[in-house]
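Below is a structure I'd like to ask you about.
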Amino acid sequence: MNIVKVHNLTFAFNHQSPVLDRVTVNFPAQQTALLTGPSGCGKSTFLRLLAGLLPKYGGQVSGGQITFPSGQPTIGMLFQDPLTQFALDTPRHELEFVLENQRVPHAKIFDQVQAALDFCQITDLANRKITSLSGGQQQRVALAVIIARQADILLLDEPFANIDEANRHFLMAQLGKLVTGHGVTLIIADHDCHGYQALAPRIYDFTDHHIVGLSPAASRQRLVAADKAATRQLVFAAPQPAAPHVFELNNVILSRGNQQLLNIEQLAIIKDKITLVTGPNGTGKSTFFQALTKLIPFRGQITYQGQTINRIKDRHYRQEVGLVFQRANDQFIDVTVKEELELSAKNGHHPYFKAHLQDALKALGLNNLGDRVVYSLSGGQRKKLQLLVMLMMEQAVLLLDEPFAGLDHASLQAVYQLIRTAQVTKPQTILIVSHQLDQIDQLADFHLILHDHRLTYQGALTHES
Amino acid sequence: MNPSLKLIFALIISLEITFTTHLTGNLLIIFGALLVLAYHRVSPHKVTKLALITLIPAAALFVTMAFFSPGHNVFFAWVLVSRLYCYVLVGGAVTLTTDKLTLIRSLEQNCHLPSKFAYGFLAALNLVPRIRQAVVTIRVAGQMRGVNLHWWSPTLYFKAILSAIQWSDQLAQAMETHGFVEGAPRTVAQPINITKRDWLLLIAGLALIQLVLIALP
């Protein structure tokens, strides 16, 4: 039986061409649907329509309708950016708020909060500030909220974009339990189909403003192929000892609150090369970048080109070392795409973009967007624009924090190609923190692994082992 | 004491001292507020900081009244300074000893403040540290793009306001997806009652204040 019926639905944001054009699709109850398609195709918009957030919060439905044949279900939603979905300060307070809204009697609230926390294994985080949790932990909290709401339909928008493999497996397993044990219907939007085999979803392709369901056999085939691509081992060599350094770290200790995150006895970052940094969620990769850009205090010594970074003036230092933020919105200074590009063209000096900006825009699919307000772009478009305006600046060092989150395969290839081309014209030292590892060994030269509070180059022999 | 009653008590004190010029009374109220802060073990560091920040307007007020007013009224200058400290410390005695969420829950349950206002207010409070963080981030983002945003740069605030508007929209959506419906009945996770002891404390406190402000010379 169908739980959601979408008939001839057409939707557009104000003064723009339609995102959905006469979409007709049905979702059967108590099953999993996986919506895939390139970034910016309208997956998030579609889920928000199902959740009833649109057109209430913007845009117009100019035709068609969404119906729920078995009566109005409770709909839970997990957003792409975990931080935007909480109204209160701690997981416990958020869960209590949700249960109060559900009119759960006072006597039962404590137990239900506990059950939801247990299900997501976050009891130890219950009273921490949500803002102090890592992205993966925040997604667990968001899932706990949905458990507490006892939703019939669960909409997930790129839920694993900023999440490491361990958390991905955990969340996936818990979602599976919801479908089989509680009869929940899952509708997931994700451009990355790997790791979904256990949920056995039906795949729905989102192309050219339409949605087409694949047959179960074709769906299975697609999932197997995605898994195969994801399990490929990354091969990296360790840097040569004589390679020139740009950063040197000595006895550096980084902490979050009272918790020690990183303890780096000695580490050198190789000049004009691309280094990938990986490690589980919440272990301090972003914190490492924040220390390198002087955004947080640290113990020990970090030198840049032989100079202690604390002695360099912020203003000069940031002309040398740039950070591409995890949240794209933080990067933008101006309002429209055109203004952002003009600002970087005026103050940036990268020779490649001086000559070939139009080619780069075209390759990234950002041409013809000049008058759009940057905040109205899709998640993927914003990530690409953000990277572009920072590449144009031509800093000697560029730190990229999850630059590929939410990008589909084609966008990813375009971004890799752009970085490589820019690198040929003007070599920069680039560090990348990413969970998106699809073919990344074609881009990066070295691989730093964060494990057990240490950073070690892949292929390097450590003293202990 | 019940957070709502505590708030009402503080408001009544503030209102009363606005219409009296009673130096001894003000000093006693300051002393009382300090006692309450000490009883709740609020860190002396916080209280000192509060007092030091207040010193700037207090000094300005004193100098104006004592040296530049027609009568050079030093007594009245002291009254105004002590009155300012009364406001700040009594306010501190409420906010520094009450958890934000508990106050909001109390206002919702005891004073029947509509939940829309209660949670809107709470969300706005929770937004303050985020806005502060956003201003820092915007300055850094600017420096990395060759733009030096000073604290007086309009861009800085334009961007901060833009972020705030976006957050408020996201917040509304987040509350809605978490089952919040305007005006719909809700249950309570943590019931907050007004006990007989709360009422007694309020009445005794009010009586004491009248005694100090009226009966004392």
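In what follows, chains are A, B, ... by sequence order, proteins preceding strands, each numbered from 1. Only heavy atoms go into these numbers, but all of them, side chains included; no hydrogens, no water, no symmetry mates.
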### Query
Does anything in residues 165-175 of chain B get under 4.5 Å of chain A by heavy atoms, and if so which residues?
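The stretch touches chain A at B/Gln166, B/Trp167, B/Asp169, B/Gln170, B/Leu171, B/Ala172, B/Gln173, B/Ala174, B/Met175.
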### Task
Let me know if A/Leu99 has heavy atoms under 4.5 Å from chain B in its side chain, its backbone, both or neither.
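Interface part for A/Leu99: backbone (N, CA, C, O).
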### Message
For the interface with chain A, which of B/Gln190, B/Arg105, B/Arg139, B/Gln133 has the highest count of heavy-atom pairs at distances below 4.5 Å?
### Response
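Between B/Gln190, B/Arg105, B/Arg139, B/Gln133, the count favours B/Arg105.
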### Message
Heavy-atom pairs under 4.5 Å with chain A: which of B/Ala141, B/Pro191, B/Gly179 has the most?
### Response
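Of the options given, most contacts go to B/Gly179.
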### Task
Heavy atoms only: give me the nearest B/Ala189-A/Ile109 pair and the separation to one decimal.
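Distance-wise, the nearest heavy atoms are CA-CD1, 3.6 Å.
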#### Entry: Winner by heavy-atom pair count (cut-off under 4.5 Å) against chain B, out of A/Arg48, A/Lys56, A/Lys108
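Most heavy-atom pairs within the cutoff with chain B belong to A/Lys56.
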### Message
Angle between ring planes, B/Phe180 versus A/Phe97, binned at 30° and 60°: parallel, tilted or perpendicular?
### Response
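The rings of B/Phe180 and A/Phe97 lie parallel, inter-plane angle below 30°.
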### Message
Test your reading of the model: is there a side-chain donor-acceptor pair from A/Asn101 to the backbone of B/His178, 3.5 Å cut-off?
### Response
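Yes, A/Asn101 side chain to B/His178 backbone: donor-acceptor pair under 3.5 Å.
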### Message
Tell me whether the count of non-hydrogen atoms from other residues, nucleotides or ligands lying under 6.0 Å of CD in A/Gln72 goes above 12.
### Response
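Atom CD in A/Gln72 is packed in, count exceeds 12.
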#### Entry: Engaged part of A/Leu295 at the chain B interface, taking heavy atoms whose separation is under 4.5 Å
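For A/Leu295, the contact with chain B is made by the side chain alone.
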### 4.5 Å side-chain heavy-atom contact, B/Gln143 and A/Gln319
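Side-chain contact under 4.5 Å: no.
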### Message
Only pairs of heavy atoms separated by less than 4.5 Å count here; which of B/Ile138, B/Asn148, B/Leu122, B/Leu149 has the most with chain A?
### Response
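Greatest number of close heavy-atom pairs with chain A: B/Asn148.
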### Flag if over 12 foreign heavy atoms under 6.0 Å of NZ, B/Lys46
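Incorrect, the count does not exceed 12.
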### Task
Measure A/Lys294 against the heavy atoms of chain B and call it side chain, backbone, both or neither at under 4.5 Å.
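For A/Lys294, there is no contact with chain B at all, as no heavy atom is under 4.5 Å.
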### Message
Which atoms of A/Phe325 are under 4.5 Å from chain B, going by heavy atoms: the side chain, the backbone, both sets, or neither?
### Response
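Side chain of A/Phe325 only, per the 4.5 Å heavy-atom cut-off to chain B.
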### Message
Please check this pair: side chain of A/Arg103 against backbone of B/Ala184, looking for a donor-acceptor N/O pair closer than 3.5 Å.
### Response
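Looks like no, no N/O pair under 3.5 Å.
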#### Entry: Contacting region of A/Met392 [heavy-atom separation from chain B under 4.5 Å]
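When you check distances to chain B, no heavy atom of A/Met392 falls under 4.5 Å.
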### Region of A/Leu323 in contact with chain B, defined by heavy-atom distances below 4.5 Å
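Answer is both: backbone and side chain atoms of A/Leu323 are under 4.5 Å from chain B.
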### Task
Check each of A/Met393, A/Glu320, A/Gln395 against B/Met144 using the side chain to side chain contact (heavy atoms under 4.5 Å, CB included) test, and report the only one that passes.
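Single pass found, and it is A/Gln395.
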### Message
Can you tell me which portion of A/Glu394 sits under 4.5 Å from chain B's heavy atoms? Options are side chain, backbone, both or neither.
### Response
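Neither part.
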### Query
Counting N and O atoms only, with roles assigned by atom type, does the side chain of A/Glu100 sit under 3.5 Å from a partner on the main chain of B/Arg186, one being a donor and the other an acceptor?
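The answer is no, because no donor-acceptor pair under 3.5 Å joins these two groups.
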#### Entry: A/Leu88 and B/Leu101, any side-chain heavy atoms less than 4.5 Å apart
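Yes, their side chains come closer than 4.5 Å.
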### Task
Pick one of side chain, backbone, both or neither for A/Val98, based on which atoms fall under 4.5 Å of a heavy atom in chain B.
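Both backbone and side chain.
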### Query
Contact part of A/Asp334 toward chain B, heavy-atom cut-off under 4.5 Å: side chain, backbone, both or neither?
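The answer is neither part of A/Asp334.
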#### Entry: B/His45 NE2: over 12 foreign heavy atoms closer than 6.0 Å
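It does not: B/His45 NE2 has 12 such atoms or fewer within range.
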### Task
Using non-hydrogen atoms and a 4.5 Å limit, figure out which bit of A/Thr74 sits close to chain B: side chain, backbone, both or neither.
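Answer is neither: A/Thr74 stays 4.5 Å or more from chain B.
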### Query
B/Leu162, B/Val140, B/Val181: which one forms the most heavy-atom pairs within less than 4.5 Å of chain A?
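Of the options given, most contacts go to B/Val140.
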### Task
Name the region of A/Phe79, side chain, backbone, both or neither, that has any atom closer than 4.5 Å to a heavy atom of chain B.
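Side chain of A/Phe79 only, per the 4.5 Å heavy-atom cut-off to chain B.
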### Query
Do A/Leu343 and B/Val147 have side-chain heavy atoms sitting under 4.5 Å apart?
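Side chain of A/Leu343 against side chain of B/Val147, heavy atoms only: contact under 4.5 Å found.
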### Task
Could you tell me whether B/Tyr157 atom OH has more than 12 heavy atoms of other residues or ligands within 6.0 Å of it?
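For B/Tyr157, atom OH is crowded (more than 12 foreign heavy atoms under 6.0 Å).
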#### Entry: Among A/Ile75, A/Asp89, A/Val145, residue most engaged with chain B (heavy-atom pairs, under 4.5 Å)
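Greatest number of close heavy-atom pairs with chain B: A/Val145.
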### Message
Checking the side chain of B/Thr187 only, and the main-chain atoms of A/Val104 only, is there a donor and an acceptor separated by less than 3.5 Å?
### Response
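Indeed, once roles are kept as given, a pair shorter than 3.5 Å links the two residues.
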### Closest approach of A/Asn347 to B/Gly146 (non-hydrogen atoms, all atoms of both residues)
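Scanning both residues completely, I find the closest heavy atoms to be ND2-O, 3.5 Å.
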### Query
Tell me, side chain or backbone of A/Arg92 under 4.5 Å from chain B's heavy atoms, or both, or neither?
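Neither part; nothing is under 4.5 Å.
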### Query
With only heavy atoms counted, which part of A/Val389 is less than 4.5 Å from chain B, the side chain, the backbone, both or neither?
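Both the backbone and the side chain of A/Val389 come within 4.5 Å of chain B.
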### Message
Would you say OH of A/Tyr375 has more than 12 non-hydrogen atoms from neighbouring residues, nucleotides or ligands within 6.0 angstrom?
### Response
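Result for OH/A/Tyr375: enclosed.
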### Message
Applying side chain to side chain contact (heavy atoms under 4.5 Å, CB included) to A/Gln85 and B/Thr177, what does each step give before you reach the verdict?
### Response
CA-CA 8 Å; A/Gln85 52 198 337; B/Thr177 47; 5.8 Å; no
### Task
Kindly give the heavy-atom pair with the smallest separation between A/Ile333 and B/Lys159, and that separation in Å.
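Minimum heavy-atom separation between A/Ile333 and B/Lys159: O-CD, 4.3 Å.
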### Heavy atoms of other groups near B/Phe121 CZ, more than 12 under 6.0 Å
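Check fails, neighbour count at 12 or below.
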